[in-house]
Amino acid sequence: MVQTGARVRFAPSPTGYLHIGGARTALYDWLLARKTGGQFILRIEDTDRNRYVPDAVDDIKASLRWLGLDWDEGPDVGGEVGPYFQSERLELYKRYAEELVAADKAYYCFCTPERLAALREEQEARKQPSGYDRYCRSLTPAEVEKLKADGTPYVIRFKTPLTGQTRAVDALRGEMVFDHATLDDFVLLKSDGFPTYHLACVIDDHLMKITHVIRGEEWIVSSPRHFLLYQAFGWEPPVFVHLPIFLSPDGKGKLSKRHGATGVREFREKGYLPEALINFLLLLGWHPAGDQELFTLEEAAEAFSLERINVSPVSFSLEKLDWFNGIYIRKLPPADLAARCLPFLQKDGLLPDPCPPEKMEYLIRLIPLVQERIKLLSEISAALSYFLQDEIAPPAKELLIVKKGTAEETAAILRAVTAALETVPDFSEAALEETLRAVTASLNEKPGRVFMPVRVAVTGTTTTPGLFEVLAALGKERVLQRLRQAITVLEQ
RNA sequence: GGUCCCAUCGUCUAGGGGUUAGGACACCGCCCUUUCACGGCGGCGGCAGGGGUUCAAAUCCCCUUGGGACUACCA
């Protein structure tokens, strides 16, 4: 497989937001281009105006950028072989389709959608293989002229050879043989003047000098059509690489929306880091020669190779993504992580928007306390809520009471702690630890029996970062206030 | 129904004639420890089945089974 200066394209259809499967395709495209010093091209295949979603293009571009997959040619950046929106290339497709008709390799078809539907229904009922019955293939030139002159809507269909076979080549799977008898005369140009995927994709890949077509496995069955088209035009086909499909984690069919997040934007909103998503996607269908697991985009581009892509379908299970996310969250410098968490905290009303510098500084100071405890950015609010609020709701009595102890016992412990903390000159972690351990000793208690009620009193929960860090970050005033609040609860 | 693709722990995978079948995630246990996490150590767990070929098969071939994709004037 020659891999010098590969020209690869990611060609999404703007019928929805960027799907996670599309993101992996784009990633492999990008990787191959970067690995070989070639170009990564973004082409928008907006040939289906029925399913067109207006803001899909913006979402696709934003998601790719968020992932760090920048394109060398395409929307916003231009390029020599544009336009990169297929809707702006209609004349081109029409010309090539007519050329095929003139060469007797395609023909006009005037069949109505109703006739086609009835045909399909009949074939299904009889358990026959479905496909166009080539009704219009035998129309005489005079009949065609008449129909056209009458303004009858028509499509242009490819004249698939009736016998013989076509060998479609996949770089991973090798040669796949398809009998022409099982292929029908597929549509090239629709009656609205737009091309079908088959036509547009072959023409554009050729004109844009694409060397490698990386796309989903669902295209395998269509690939003989594409080889047939390359042959009909007399063009050299590119290398085809069909990526294994993402299966739903429950083992029922391919990944779809009912299995949770499938759009890149949803992962972003859930608090996943692009670094983690990239690393996760990289290893879902590709494996390095060694056993390295953590990859930056740059490292991946260095290590990537088409040969090590897997062909078997992949279950899209999120467990490992969460692990990757935790890893990358822990790797981030506090200021960086704080900046990434800020939107989530603002959304939850824990920080104002815009966020004043002193609050941002406090956030950065808090980050190290929770950094190794969150797996998603969205968990930051729950992790920091008691730091970012002046007051917390009084904890439940049962939560405060020390294990195998009584309310009075617990209150006594908290009173002792409160008294000790009132006189601590500096509220540093070291001083706090020294003081609390001294109280524990004087009470003749075990550390846990003293620390836990204090923890609950000042945070309202039993799972928190280290107690001394929490107290220091909270500050004397809030600590004492919350301690007194808890004592009140226990006295009731 | 037809065409095509795929098959190693629950999941992602390494291995592609001779391996005690390796790793990671998840799960479980232990250690660390004031809780939770992080980290460390250990454990559980797999070549879908059947035939060949071969001195030798997870590995090559065939069949079965299972899973999946496609079967539009959608991509």
Side-chain angles (χ1 to χ4, degrees), chain A residues 11-16 45-48 50-51 109 111-113 116-117 120 123-132 153-157 168 170 172-173 176-179 181-184 186-198 200-201 215-224 242 244-245 247 249 251-254 280 283-291 293 308 310-324 326 330 370-375 383 433 436-437 440 446-452 454-456 459 461-468 470:
Chain A
S13 167
T15 52
E45 307 217 326
D46 51 349
T47 57
D48 181 350
N50 294 322
R51 295 195 307 151
C109 168
C111 290
T112 62
L116 263 16
R120 194 160 38 242
Q123 288 167 333
E124 260 167 46
R126 284 193 295 172
K127 300 270 184 199
Q128 296 288 304
S130 56
Y132 180 56
Y154 64 88
V155 302
I156 293 180
R157 287 183 185 271
D170 176 280
L172 272 15
R173 284 161 261 251
M176 300 173 288
V177 182
F178 295 82
D179 281 324
T182 66
L183 268 25
D184 71 348
F186 55 98
V187 174
L188 298 174
L189 202 69
K190 303 183 249 181
S191 59
D192 63 0
F194 278 68
T196 59
Y197 170 85
H198 309 300
C201 156
R215 68 196 348 178
E217 191 184 331
E218 66 270 22
W219 292 106
I220 285 183
V221 181
S222 301
S223 61
H242 293 98
I245 209 149
L247 262 22
K252 289 268 129 220
K254 68 172 169 180
F280 175 66
L283 265 19
L284 227 45
W286 177 84
H287 196 276
D291 55 9
E293 292 243 60
R308 295 193 65 86
N310 249 85
V311 289
S312 38
V314 178
S315 170
F316 191 75
S317 152
L318 262 27
E319 290 165 339
K320 204 157 185 171
L321 173 57
D322 289 343
W323 175 73
F324 275 125
R330 273 170 257 137
V370 295
Q371 187 156 18
E372 63 186 31
R373 291 175 170 82
I374 59 172
K375 281 202 152 66
E433 173 157 15
L436 282 198
R437 290 205 188 276
T440 303
K446 286 187 199 151
R449 299 225 332 152
V450 176
F451 296 174
M452 190 49 89
V454 174
R455 165 176 289 114
V456 173
T459 68
T461 131
T462 56
T463 63
T464 75
L467 183 58
F468 314 119
V470 170

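Throughout, a chain's letter reflects where its sequence line sits, starting with A, and its residues are numbered from 1. This one's a predicted model, so the numbers in the text were calculated from it and none came from an experiment.
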*Asks:* Measure CG/A/Leu188 against P/B/rC74 and give the value in whole Å, please.
*Replies:* 12 Å
*Asks:* Is atom CG of A/Asp179 surrounded by more than 12 heavy atoms (other residues, nucleotides or ligands) closer than 6.0 Å?
*Replies:* yes
*Asks:* Check this for me: does any side-chain nitrogen of one of A/Glu293 and A/Lys320 sit under 4.0 Å from a carboxylate oxygen of the other?
*Replies:* yes
*Asks:* Can you check nucleotides 10-14 of chain B for protein contacts, nitrogen or oxygen pairs under 3.5 Å, and list what you find?
*Replies:*
| from | atom 1 | to | atom 2 | distance (Å) |
| --- | --- | --- | --- | --- |
| B/rG10 | N2 | A/Glu319 | OE1 | 3.0 |
| B/rC12 | OP1 | A/Ser315 | N | 2.6 |
| B/rC12 | O2' | A/Leu283 | O | 3.0 |
| B/rU13 | OP1 | A/Gly285 | N | 2.9 |
| B/rU13 | O2' | A/His287 | NE2 | 2.9 |
| B/rA14 | OP1 | A/Asn310 | OD1 | 3.2 |
| B/rA14 | O3' | A/Arg308 | NH2 | 3.4 |

*Asks:* Under the salt bridge (Lys or Arg N to Asp or Glu O under 4.0 Å) test, which residues partner A/Asp192, sequence neighbours left out?
*Replies:* A/Arg49
*Asks:* Watson-Crick or G-U wobble partner for B/rU54, using a 3.5 Å limit on both distances?
*Replies:* none
*Asks:* Using atom types as modelled and distance alone, determine if a side-chain donor or acceptor of A/Gln123 lies under 3.5 Å from a backbone N or O of A/Gly131.
*Replies:* yes
*Asks:* Taking side chain as C-beta onward, heavy atoms only, is A/Val311 less than 4.5 Å from A/Pro244?
*Replies:* no
*Asks:* For B/rA72 and A/Ser130 - does any side-chain N or O of the residue sit under 4.0 Å from the phosphate oxygens OP1/OP2?
*Replies:* yes
*Asks:* Watson-Crick or G-U wobble partner for B/rU20, using a 3.5 Å limit on both distances?
*Replies:* none
*Asks:* Among B/rC4, B/rC73, B/rU34, which nucleotide has an atom closest to any side-chain atom of A/Lys190?
*Replies:* B/rC73
*Asks:* Taking atom C1' in both B/rC70 and B/rU53, what distance in whole Å separates the two?
*Replies:* 35 Å
*Asks:* Checking all strands, does A/Pro14 fall into the base, sugar-phosphate, or nothing category for heavy-atom contacts under 4.0 angstrom?
*Replies:* nothing
*Asks:* For atom C1', what is the distance between B/rC63 and B/rU20, given to the nearest Å?
*Replies:* 32 Å
*Asks:* Report the distance from atom CZ of A/Phe468 to atom C1' of B/rU33, rounded to the nearest whole Å.
*Replies:* 11 Å
*Asks:* Starting from C1' on B/rC70, measure out to CD1 on A/Ile245 and report it in whole angstrom.
*Replies:* 9 Å
*Asks:* To the nearest Å, give me how far apart CZ (A/Arg449) and P (B/rU35) are.
*Replies:* 15 Å
*Asks:* Which nucleotide in the list B/rA7, B/rG2, B/rC73 gets nearest to the side chain of A/Pro129?
*Replies:* B/rG2
*Asks:* Looking at A/Gly466 and A/Arg373, what are the two nearest heavy atoms and their distance?
*Replies:* N-NH2, 3.9 Å
*Asks:* Using the C1' atom in both, what is the distance from B/rG42 to B/rU65, to the nearest Å?
*Replies:* 38 Å
*Asks:* Is there a side-chain contact between A/Arg120 and the phosphate of B/rG1, meaning an N or O under 4.0 Å from OP1 or OP2?
*Replies:* no
*Asks:* By nearest nucleotide on RNA chain B, pick out whichever of A/Arg455 and A/Asp291 is the more 5' one.
*Replies:* A/Asp291
*Asks:* Separation of A/Asn50 atom CG from B/rA72 atom P, in whole Å?
*Replies:* 16 Å
*Asks:* Restricting to ring pair (Phe, Tyr, Trp, His ring centres under 6.0 Å), what partner residues turn up for A/Trp219, sequence neighbours left out?
*Replies:* A/Tyr197
*Asks:* Contact class for A/Leu183 (heavy atom, under 4.0 Å): base, sugar-phosphate, or nothing?
*Replies:* nothing
*Asks:* Between B/rU34 and B/rC27, how far is it from one P atom to the other, in whole Å?
*Replies:* 25 Å
*Asks:* Which part of the nucleic acid, if any, lies within contact of A/Lys254, taking any heavy atom under 4.0 Å across all strands shown: a base, the sugar-phosphate backbone alone, or nothing?
*Replies:* sugar-phosphate
*Asks:* Kindly indicate whether the side chain of A/Phe186, heavy atoms from C-beta on, has any atom under 4.5 Å from the side chain of A/Ser222.
*Replies:* no
*Asks:* State the OG-CG distance between A/Ser317 and A/Leu284, to the nearest 0.5 angstrom.
*Replies:* 8.5 Å
*Asks:* Which residues satisfy the ring pair (Phe, Tyr, Trp, His ring centres under 6.0 Å) test with A/Phe468, sequence neighbours excluded?
*Replies:* A/Phe451
*Asks:* Measuring only the C1' atom in each nucleotide, how far is B/rU8 from B/rG22? A whole number of Å is fine.
*Replies:* 11 Å
*Asks:* Would you mind telling me which residue lines up with the more 5' stretch of RNA chain B, A/Val187 or A/Ile220, judged by nearest nucleotide?
*Replies:* A/Ile220
*Asks:* Mind checking A/Cys111 for me? I need base, sugar-phosphate or nothing, with any heavy atom below 4.0 Å counting as a touch.
*Replies:* base
*Asks:* When rounded to the nearest Å, what value does the distance between C1' atoms of B/rG18 and B/rU54 take?
*Replies:* 12 Å
*Asks:* For B/rC31 and B/rG68, measure between their C1' atoms and round to the nearest Å.
*Replies:* 45 Å
*Asks:* Counting side-chain heavy atoms from CB outward, which of B/rC73, B/rU3, B/rU71 is closest to A/Leu116?
*Replies:* B/rC73
*Asks:* Reading nucleotides 36-49 of chain B from the 5' end, what letters show protein touch, with B for base, S for backbone sugar-phosphate only, - for no heavy atom under 4.0 Å?
*Replies:* BBSS----------
*Asks:* Looking only at atom C1', what distance separates B/rC38 and B/rC32, rounded to whole Å?
*Replies:* 11 Å
*Asks:* With sequence neighbours left out, write down each residue that passes side chain to side chain contact (heavy atoms under 4.5 Å, CB included) with A/Thr459, or none if nothing qualifies.
*Replies:* A/Tyr386, A/Arg455, A/Thr461, A/Thr464, A/Val470
*Asks:* Does B/rC4 have a Watson-Crick or wobble mate here (both distances under 3.5 Å), and if so which one?
*Replies:* B/rG68
*Asks:* Using the side-chain heavy atoms of A/Thr47, tell me which of these nucleotides is nearest: B/rU34, B/rA75, B/rC5.
*Replies:* B/rA75
*Asks:* Does B/rU34 have OP1 or OP2 sitting under 4.0 Å from an N or O in the side chain of A/Arg437?
*Replies:* yes
*Asks:* Whole angstroms only, please: what is the CD-C1' distance between A/Glu433 and B/rU33?
*Replies:* 12 Å
*Asks:* To the nearest Å, give me how far apart CG (A/Leu321) and C1' (B/rA24) are.
*Replies:* 14 Å
*Asks:* Using a heavy-atom cut-off of 4.0 Å across all strands, would you classify A/Ser191 as base, sugar-phosphate, or nothing?
*Replies:* base
*Asks:* Side-chain contact, heavy-atom cut-off 4.5 Å: A/Thr196 with A/Thr47?
*Replies:* no
*Asks:* Under 4.5 Å between any side-chain heavy atoms of A/His242 and A/Leu172, yes or no?
*Replies:* no
*Asks:* In whole Å, I'd like the distance from the CD atom of A/Glu124 to the C1' atom of B/rC70.
*Replies:* 13 Å
*Asks:* Just to be sure I understand the rule, does A/Arg126 reach a base, reach only the sugar-phosphate, or reach nothing, if contact means heavy atoms closer than 4.0 Å?
*Replies:* nothing
*Asks:* What is the nucleic acid contact for A/Val311, judged by heavy atoms within less than 4.0 Å: base, sugar-phosphate only, or nothing?
*Replies:* sugar-phosphate
*Asks:* Look through every strand shown and name the nucleotide pairing with B/rC44 as Watson-Crick or G-U wobble, where both distances are under 3.5 Å.
*Replies:* none
